[in-house]
There are 2 protein chains.
Amino acid sequence: MSVTPSPQQNHLLATLPREVVERLLPHLELVDMPLGMVLYESGDTLRHVYFPTDSIVSLLYVMESGASAEISVVGNDGVIGVALFMGGESTTSRAIVQSAGSAYRVLGKRFKEEFNRHGEMLHLMLRYSQALITQMAQTAVCNRHHSIDQQLCRWLLLSLDRLSGSQLAMTQELIANMLGVRREGVTEAAGKLHRLGVIDYSRGLITVRDRERLESLSCECYAVVKSETDRLLPCNAPHLTH
Amino acid sequence: MSVTPSPQQNHLLATLPREVVERLLPHLELVDMPLGMVLYESGDTLRHVYFPTDSIVSLLYVMESGASAEISVVGNDGVIGVALFMGGESTTSRAIVQSAGSAYRVLGKRFKEEFNRHGEMLHLMLRYSQALITQMAQTAVCNRHHSIDQQLCRWLLLSLDRLSGSQLAMTQELIANMLGVRREGVTEAAGKLHRLGVIDYSRGLITVRDRERLESLSCECYAVVKSETDRLLPCNAPHLTH
DNA sequence: TTTTATCTGTACGCTAGCGTACAGACAGAC
DNA sequence: GTCTGTCTGTACGCTAGCGTACAGATAAAA
């Protein structure tokens, strides 16, 4: 579990040409990402851009009522803080650590200097942004049309892809917050998957036993997001991951 | 209804500095946008970028089953084809004309030349993209948590903002496709609004009688999208529109 | 070991929205 | 005027998911 962190663990950083990384490297700061840490709140001016290595961050929208819904999820395949280079400097969502680990961060100002050189960094970030857009769009569709059972499968797969191994530390309560449903709904869905032998779990630790089955039980949304992400960011394609 | 079309009717084009517009102008082609016209299909390589003047275009996701859901809506406040400059060249959604009118279009290649000069165009497009992202995120949340009644209000308001006047030509069947719900659900919701004196309608023509009331009946999603769009693209702020 | 907090399981009535079916209303074509 | 297709209204049983309540299980703390 305790791999020595390296910027190369983040697929975006690993994709950048050497000279770009070398310019960025002195400004990369390794930070610990404990579960529940809020990177930024809705409306906050973003100070840093984060590149997760082995952590996962959710972009979560929290409504006036307190109810929430996950908009998208970012791991070592991406970056948190696209609003910085998109020009808005803030977003209407919250970025919160969903799975503990580490990340590298850069001051927004430094990052924008590199972005504004209009080189590889710019194009890579734009492609990543499109992948993010795809994920958001698919979330919208999934929320409209699919059952909790299917959505849980999709969510587990998306999270699993961003971790090594087949375990994830996550209570049903937290998953419910992400999906924007009741905790009881997740309990039921998880129970079904357990009875089918697809997953095991106890007190916040989920182990996937039959990933193939999980994929077949998921709605099409997972596959759509995955293939589109692989298309846009070949660096994330399975055969290239480390 | 028959205003002479001018590129300035599109707020993005109207915002660009004169020299940018002058470079673009010779390549702008005025096109008719009849209801139901498909600008591109999921997976298509985009050939043009479209700037609506008085038409409205929906970005619609169509599932394997045929069910659909609107991801976002674009009018004279925006542009269709962000995937071109984001680098993906295609998207997983369909762009379809939801309200007939006109638009100016540019060949993707020409457009990218201007975008790659890294001037005003680039920054404006990125800001618009963030506004689009906000709208998608809010759609996801709204699909999860709000009733058809509320969503219909939001949808009417978003459409109305992109048209002049207080009428929109739109059957309940079409609205249902956009919202991703049954036509009967829309009939019921529209019936309620009618009984409250908020809207009138008959055979595909909706007239908003009490816009203020409509806003109060809508969920928070409309206001969030509106204020964030105004923040990101001040050119769209009410006092500046023509 | 006992206590306490957290996590998970289950139950039950309720409601929004679905699937389906059909009927009336209106506009345009013939 | 009649016909035909489109649009809208209504009804009815069904299901997924909600709100609420509570009980058992397990880990950590005392």
Side-chain angles (χ1 to χ4, degrees), chain A residues 35-36 63 65-70 98-100 141-156 167-196 198-207 217 219, chain B residues 35-36 63 65-70 98-100 141-156 167-196 198-207 217 219:
Chain A
L35 177 65
M63 302 200 311
S65 69
S68 60
E70 188 181 73
Q98 182 209 104
S99 179
V141 173
C142 201
N143 282 351
R144 161 65 60 219
H145 290 290
H146 297 137
S147 67
I148 295 188
D149 293 8
Q150 292 176 303
Q151 292 186 51
L152 176 59
C153 295
R154 174 193 57 120
W155 191 90
L156 287 173
Q167 293 204 321
L168 64 171
M170 184 67 48
T171 65
Q172 300 184 353
E173 178 84 45
L174 270 177
I175 298 178
N177 286 156
M178 299 299 164
L179 295 183
V181 300
R182 282 183 321 152
R183 195 267 312 164
E184 289 84 345
V186 174
T187 300
E188 263 192 73
K192 287 185 203 169
L193 290 179
H194 180 63
R195 266 168 262 135
L196 290 170
V198 178
I199 62 171
D200 279 351
Y201 60 95
S202 78
R203 293 186 74 75
L205 188 64
I206 302 174
T207 310
L217 289 169
C219 45
Chain B
L35 177 65
M63 302 199 312
S65 69
S68 60
E70 188 182 74
Q98 182 209 103
S99 179
V141 173
C142 200
N143 282 351
R144 161 63 61 220
H145 290 291
H146 298 137
S147 68
I148 295 188
D149 293 10
Q150 292 175 304
Q151 292 186 50
L152 176 59
C153 294
R154 174 192 57 119
W155 191 89
L156 287 173
Q167 293 203 321
L168 64 172
M170 184 68 47
T171 66
Q172 300 184 351
E173 178 84 44
L174 271 178
I175 298 178
N177 286 157
M178 300 297 163
L179 295 183
V181 301
R182 282 184 321 151
R183 194 266 311 163
E184 289 85 345
V186 174
T187 301
E188 263 193 73
K192 288 185 203 170
L193 290 178
H194 179 64
R195 265 167 261 136
L196 289 170
V198 177
I199 62 170
D200 279 352
Y201 60 93
S202 79
R203 293 186 76 75
L205 187 63
I206 302 175
T207 310
L217 289 170
C219 45

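In what follows, chains are A, B, ... by sequence order, proteins preceding strands, each numbered from 1.
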### Task
Determine: side-chain N/O of B:Gln172 to OP1/OP2 of D:dG9, distance under 4.0 Å, yes or no.
yes
### Query
Counting only side-chain N and O atoms of A:Tyr201, is one of them less than 4.0 Å from OP1 or OP2 of C:dG9?
yes
### Message
What is the distance, to the nearest angstrom, from the CG atom on B:Leu205 to the P atom on C:dA27?
### Response
11 Å
### Task
Starting from the C-alpha separation in whole Å, work towards a yes-or-no answer on side chain to side chain contact (heavy atoms under 4.5 Å, CB included) for A:Leu179 and A:Arg154.
CA-CA 10 Å; A:Leu179 295 183; A:Arg154 174 193 57 120; 4.0 Å; yes
#### Entry: Least distance between heavy atoms, B:Asn177 atom then B:Ser68 atom
O-OG, 2.9 Å
### Message
From CD of B:Gln151 over to C1' of C:dG17, roughly how many Å is that when rounded to an integer?
### Response
11 Å
### Query
More 5' along DNA chain D: B:Gly204 or A:Val181, using each one's nearest nucleotide?
B:Gly204
### Query
Which whole-number value in Å describes the distance from B:Ile175 CD1 to D:dG9 C1'?
15 Å
#### Entry: Nearest-neighbour nucleotide for the B:Arg203 side chain, C:dG19, D:dG5, C:dA11 considered
D:dG5
### Message
Students often get this wrong, so: under 4.0 angstrom with heavy atoms, is A:Glu188 touching a base, only sugar-phosphate, or nothing?
### Response
nothing
### Summary
Which of D:dC7, D:dC18, C:dG17 is nearest the side chain of B:Ile148? It is C:dG17
### Message
When you measure from the side-chain N and O atoms of B:Arg182 to the phosphate of C:dC18, is any distance below 4.0 Å, counting only OP1 and OP2?
### Response
yes
### Task
Round to a whole Å and report the spacing from CZ of A:Arg183 to P of C:dA11.
14 Å
### Task
Give the rounded distance in Å between these two atoms: CD1 of B:Ile206 and C1' of D:dT8.
12 Å
### Message
Do B:Asp149 and B:Leu217 have side chains that approach each other closer than 4.5 Å (heavy atoms only, starting at C-beta)?
### Response
no
### Task
Decide yes or no on side chain to side chain contact (heavy atoms under 4.5 Å, CB included) for B:Gln167 and B:Ile206, but give the supporting numbers first.
CA-CA 6 Å; B:Gln167 293 203 321; B:Ile206 302 175; over 6 Å; no
### Message
Between B:Val181 and A:Arg144, is the side chain to side chain contact (heavy atoms under 4.5 Å, CB included) condition met? List the steps.
### Response
CA-CA 8 Å; B:Val181 301; A:Arg144 161 65 60 219; 4.0 Å; yes
### Message
Go nucleotide by nucleotide along DNA chain D from the 5' end; which of B:Ser202 and A:Gly185 gets its closest nucleotide reached first?
### Response
B:Ser202
### Message
Quiz question: going by heavy-atom distance under 3.5 Å, is there a donor-acceptor pair between the base of C:dA21 and the side chain of B:Glu184?
### Response
yes
### Query
Could you give the CG-to-P distance, from A:Leu174 to C:dT8, as a whole number of Å?
10 Å
### Query
To the nearest angstrom, how far is B:Lys192 atom NZ from D:dT10 atom P?
13 Å
### Message
Judged by each residue's nearest nucleotide on DNA chain C, which is more toward the 5′ side, A:Arg195 or B:Ser147?
### Response
A:Arg195
